[in-house]
Trainee: 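Dumping the structure here so I can ask a few things about it.
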2 protein chains.
Amino acid sequence: MAEQSETLDAVFQALADPTRRAILSRLGQGPASVGELAAPHDMALTSFMKHLKILERSGWIVSAKTGRVRTCAIVTDRFADVGAWVYGHRSLWEG
Amino acid sequence: MAEQSETLDAVFQALADPTRRAILSRLGQGPASVGELAAPHDMALTSFMKHLKILERSGWIVSAKTGRVRTCAIVTDRFADVGAWVYGHRSLWEG
DNA sequence: GGATTGCTCAGCCATATGGCTTAGTATGGT
DNA sequence: ACCATACTAAGCCATATGGCTGAGCAATCC
């Protein structure tokens, strides 16, 4: 945690799209290639790639290329960032 | 909770800006007028109002006008929405 | 009544987002 | 060698975002 405002902007921005939240849910079950991730989404691959770039830029995922396949994996730290922000306002929804 | 994708988009989108997160933190301490909320932010009032509109549209705040003063208050349900999303992926950051 | 306060409305501007297409590169299979 | 696969790169388009200015309007104060 201990994230700066700028980073938190990107972390939340990344979550503000259903495609990207779906990608994260999928990656929660384990790493996957770009093609595997894209398959369920009715969208041009280049459009889909932009979402992956946003997720990677914001630190939600990491990826590495092996041969011609790029494999993506989720970075769980970001959940802690979001959780920390919510927890920081716990007095509002507890008492 | 039990939010739809479209709503969740707006909930997260609203958090993707430091001004808006600051507003929510301030409102966490109790209701405030538009002027009180705007004071700490070095920004034209009309620009600031757009942030309030986004927060209201996304369900993070409610507001009502009495005389010429509009008073804003936070809606704590939204914290539950965010918390529910994070909690839905708890297996990733617990084990 | 007139001035001040506290918003509110309309619209301009630069940049970002989220989709698309078309074309290109590099790897792996036969 | 050739072809298919899996991305990748470049750029177009419509709309949204986040800032601004200038003008207005209703409520309160003196």
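We name chains A, B, ... by the order of the sequence lines, and we start the count at 1 in each one. No hydrogens, no waters, no symmetry mates; every other heavy atom, side chains included, goes into these values.
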Trainee: Rounded to the nearest 0.5 Å, what separates atom CD in A/Gln13 from atom CZ in A/Arg57?
Mentor: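 Reported value, rounded in 0.5 Å steps: 8.5 Å.
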Trainee: Donor-acceptor pairs under 3.5 Å, side chain of residues 33-41 of chain A to any protein atom, not counting sequence neighbours: which ones?
Mentor:
from, atom 1, to, atom 2, distance (Å)
A/Ser33, OG, A/Glu36, N, 3.1
A/Glu36, OE1, A/Ser33, N, 3.1

Trainee: Atom CE of A/Met49 and atom CD1 of A/Ile54: how far apart are they, to the nearest 0.5 Å?
Mentor: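 Separation between the atoms: 11.5 Å.
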Trainee: Taking the axis from the first five pairs and the axis from the last five, what angle separates them in the helix from C/dG1-D/dC30 to C/dT30-D/dA1, rounded to 10 degrees?
Mentor: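 For the helix from C/dG1-D/dC30 to C/dT30-D/dA1, the axes at either end differ by 20°.
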Trainee: Establish whether the base of D/dT21 is bridged to the side chain of B/Thr46 by a donor-acceptor pair shorter than 3.5 Å.
Mentor: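 By the distance-only test, yes, there is a pair.
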Trainee: Has A/Arg90 got a side-chain atom pairing as donor or acceptor with A/Tyr87's backbone, closer than 3.5 angstrom?
Mentor: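 A pair under 3.5 Å: yes.
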Trainee: What is the per-nucleotide protein-contact pattern of nucleotides 1-7 of chain C, from the 5' end, where B denotes a base atom under 4.0 Å from a protein heavy atom, S denotes such proximity for sugar-phosphate atoms only, and - denotes neither?
Mentor: ---BBSB
Trainee: Nearest-Å distance, CZ (A/Phe48) to C1' (D/dT8)?
Mentor: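 It works out to 15 Å between those atoms.
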Trainee: Starting at CD1 of B/Ile61, measure out to NE2 of B/His51 and round the result to the nearest 0.5 Å.
Mentor: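 That separation rounds to 12.0 Å.
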Trainee: Find out whether B/Asp9 and A/Arg21 are in side-chain contact, i.e. whether some heavy atom of one side chain is under 4.5 Å from a heavy atom of the other.
Mentor: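 Answer yes - side chains close enough.
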Trainee: For the residue pair A/Phe12 and B/Asp17, establish whether any side-chain heavy-atom pair is separated by less than 4.5 Å.
Mentor: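 With C-beta onward as the side chain, the pair stays apart.
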Trainee: Please give the remaining members of the hydrophobic cluster of A/Val62, linking ILVMFWY side chains under 4.5 Å, ordered by chain and number.
Mentor: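 Besides A/Val62, the cluster holds A/Val75.
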Trainee: Would you call the rings of A/Trp85 and B/Phe79 parallel, tilted or perpendicular if under 30° counts as parallel and over 60° as perpendicular?
Mentor: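 It falls in the parallel class, under 30°.
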Trainee: Name each donor-acceptor pair under 3.5 Å that joins a side chain in residues 63-73 of chain A to protein atoms two or more places apart or in another chain, with its distance.
Mentor:
from, atom 1, to, atom 2, distance (Å)
A/Ser63, OG, A/Glu56, OE1, 3.1
A/Ser63, OG, A/Glu56, OE2, 3.0
A/Ser63, OG, A/Arg70, NH1, 2.9

Trainee: Which nucleotides of nucleotides 14-19 of chain C have their base under 4.0 Å from a protein heavy atom (B), which only their sugar-phosphate (S), and which neither (-), written as one string 5' to 3'?
Mentor: ---SBB
